[in-house]
Amino acid sequence: MLRDWQNRCIKHATDTYSKQAGYLMLACPGAGKTIAAAHIAKSLIDNNKVDYVVCFSPSRIVCQSIEQTFEHVLSRKFNGHLGALGMSKTYHSLSNTTELISNLSNSRVLVIFDEIHHCAGGGDSPSNVWGMQLLVTIQNLATYTLSLTGTPWRTDTLPIPFAKYTDPDGNILCDFSYDIIEAIRDKVCRMPQITAIDLQHVVVKKNHQLQTYDNLQNLLEEGDVSYQSIIKHPEVIKHLLSQSIEQLDSLRSISPNAGGLIVASSYLHALQIQSILSGQLGKESTLVSCRLDDSPELIEYFKNSQSEWIISIAMISEGTDIPRLQVCCNLTDVTTELYFRQILGRVLRVTEAQSNFAYMFMLAEPKLVEYAKRLDEAVPGTYTYQKSAHLLDSIDNSTSKELPNKTFSSDNSKTSTGLNFDSLNTNAHQLGSKNQVDELVLSSFKSQILSSYLIYA
C-alpha cells in the first residue's frame, strides 16, 4: 500500500508532465522515493506516454535495489534485456553513451536520476564527468526526466542538472517536497535521537609539555590535533561503540531483528574498529568496503539476517535499503552536512517490527552538532549558490524543455588510557599537519542528546 505522500506525489507528477518534461522530487532519506518513482513510471506507461524507463543511480548496490523495486511495481523484467520495460544503470555507465543516445532518439523514454545531486555542471564552473554527460547527451533527448533527491544540494554549491533556482537568491525549486518533519508526523520515518559525545578532559603532550582541554572544540582549534586522529583513538572508538551497543542491545531485547551500522573513515580504520568490537566488546560484525569484491553480497546477506553490526566505508551512505538498521555509530572523518544526513537516513526507515525511534552516536564535532540542530530544514540556507549571468543562462537552457528546540545533557564519565600516535598505523601526511603531538590522554566523556528537531504536536 502506498503512503499518502507517495499518492500525492504520483498524481502531482502525472499532472505536471502535461506542462513540462522534467520533474524534481525531494523526499527525506528513508521516505520511500524509489517506490514513488516506480509508480510514476507505471502511470506514464499505463497512459501511453512512454514505452521504456531508464534509471541511473550512484552505486551498483542501489542499482540492483532499484531493479528489484521496478520489477515488482511494473510486473515486468527491468534488466534491459529483450522484453524488459527498462533498465537500471549506474552513473558511471554514462562514460559510454552511444547506445543510450540511440535509444533516447528513437523511443519515448522516461529517464530517472536517483540522488541527482551527484551530478553538477553549468557555465564555466568545474563539473564532474557525470554532470557533463547528463547535460550534453540527455537533457534534450529524454521524453520525460524524473530527478530524485533527499539532499538537494552539493557541498561545492554547484547547481544540480535539471533543477530550477530562484533569482537572485539561488535557492533550489523542487516540484514536490516531503521533509523529515512531515515524515515523522506521518510515521513514515523514525524519530532521530542523536547523542553527541564530547571529550570532557583531554591532555596533549607535545615536545615534553602538557596542555589540558575541556572539550573537543577547543582541542581541535588549539591543540594541534586533527579530527581524523581523534576518531582513530582506541578509547574514543571503544566509548562510542559501547554507547551504541548498549542502545542496540536494548532495542534487540524487544525487536531481535534490529541492526546497527558503524561508519568508518578508511579500510584500516574499519579493521581497527572491528578488532575493538570483537576483542574488547565481544561483538561480531560484517565489514563491507569497495576493496572487497563480495561486499554487495555481504550487504544483501546482512539485510536479510539477524546479525547485529555492519561496518561500512562509504558503502552504505545513500539509497542502500536495510530497513532493520536502527542504530548508527558515526566514526567517519567526513564532516559535510550532505553525508551526515545520508548516513542518518540509513536508520530512519520505519518497520512494523521495530520502534519508531532511530539513534546516532557521534563525537561532538562542532559542524556535526550544528547539522543535527537544523535537521528540520529541508534545504539549509547555506547551500545556495552565487549565480553569474553565464551560469544562470546555462541552467535556464538545461530546463528549457518544459511543456520547538530542546537540548538535554547528561554526564557519562569514564577513565581511559593514553595513546602513542605511532600505534595508529597512519602516516602523518594522511592526518594533516596538526598531528605533530606525542601523546593524547583522555580522562572522561560527556554525552549530550540533541533533540532540537523533535516534534511536539
Find the distance between [atom1] ([X]) and [atom2] ([Y]) and round it off to the nearest 0.5 Å.
X	Y	atom1	atom2	result
Arg185	Glu182	CZ	CD	8.0 Å
Cys329	Met362	SG	CE	11.5 Å
Leu344	Leu375	CG	CG	6.0 Å
Phe361	Thr195	CZ	OG1	4.5 Å
Ile343	Leu348	CD1	CG	12.0 Å
Ser147	Phe56	OG	CZ	12.0 Å

Decide side-chain contact (heavy atoms from CB on, under 4.5 Å) for Asp186 and Tyr178; before the verdict, give the C-alpha distance in whole Å, the side-chain angles of both, and the deciding distance to 0.1 Å. CA-CA 11 Å; Asp186 294 344; Tyr178 186 69; 2.7 Å; yes
For [Y], is there any backbone N or O sitting under 3.5 Å from a side-chain donor or acceptor partner on [X]?
X	Y	result
Thr16	His12	yes
Arg8	Phe176	no
Arg108	Asp51	no
Arg76	Gly83	yes
Ser305	Phe302	yes
Trp5	Ala31	yes
Asp175	Met25	no
Glu71	Phe78	yes

Decide yes or no for [X] and [Y]: does some side-chain heavy atom of the first lie under 4.5 Å from some side-chain heavy atom of the second?
X	Y	answer
Lys232	Ser226	no
Leu368	Leu363	no
Ser355	Gln326	yes
Leu325	Ile310	yes
Thr34	Phe70	yes
Ile40	Tyr17	yes
Lys33	Glu115	yes
Gln243	Gln247	no

Using the test side-chain hydrogen bond (donor to acceptor under 3.5 Å, both in side chains), find all partners of [X] that sit at least two apart in sequence or belong to another chain.
X	result
Glu308	Lys283
Thr69	none
Lys42	Asp46
Glu370	none

Quick one: side chain to side chain contact (heavy atoms under 4.5 Å, CB included) partners of [X], sequence neighbours excluded?
X	value
Asn356	Lys187, Val350
Asn47	Thr14, Ser43, Lys49
Ser295	Val288, Leu292, Met315
Thr351	Arg190, Pro323, Gln354

Sorted by first residue and then second, give each salt bridge (Lys or Arg N to Asp or Glu O under 4.0 Å) pair with at least one member in residues 352-366; sequence neighbours left out. Glu365-Lys367
Which residue pairs pass the salt bridge (Lys or Arg N to Asp or Glu O under 4.0 Å) test with at least one member in residues 253-272, sequence neighbours excluded? none
Check this for me: Lys77, atom NZ, are more than 12 non-hydrogen atoms of other residues, nucleotides or ligands nearer than 6.0 Å? no
Can you list the steps and then say if Glu284 with Ser278 is a side-chain contact (heavy atoms from CB on, under 4.5 Å)? CA-CA 6 Å; Glu284 297 302 316; Ser278 173; 3.5 Å; yes
Could I get the full list of salt bridge (Lys or Arg N to Asp or Glu O under 4.0 Å) partners for Asp15, not counting sequence neighbours? Lys11
Heavy-atom closest contact ([X] atom, [Y] atom, distance):
X	Y	result
Pro192	Ile184	CD-CD1, 3.6 Å
Asp114	Tyr91	O-OH, 2.7 Å
Ala353	Ser255	O-OG, 2.6 Å
Tyr371	Thr335	OH-O, 2.9 Å
Val111	Phe113	CG1-CZ, 3.3 Å
Pro29	Cys189	O-SG, 3.7 Å

Start with the C-alpha distance between Thr90 and Val62, add both sets of side-chain angles, then the distance that settles side-chain contact (heavy atoms from CB on, under 4.5 Å), and finish with yes or no. CA-CA 8 Å; Thr90 64; Val62 177; over 6 Å; no
Stepwise, does the side-chain contact (heavy atoms from CB on, under 4.5 Å) test hold for Leu251 with Phe357? CA-CA 10 Å; Leu251 293 171; Phe357 286 87; over 6 Å; no
Tell me which donor-acceptor pairs under 3.5 Å the side chains of residues 259-271 have, and how far apart each pair is, sequence neighbours excluded?
unit_1 : atom_1 : unit_2 : atom_2 : d
Ser265 : OG     : His269 : ND1    : 2.9
Ser266 : OG     : His269 : N      : 3.1
His269 : ND1    : Ser265 : N      : 3.0
His269 : NE2    : Ile231 : O      : 3.0

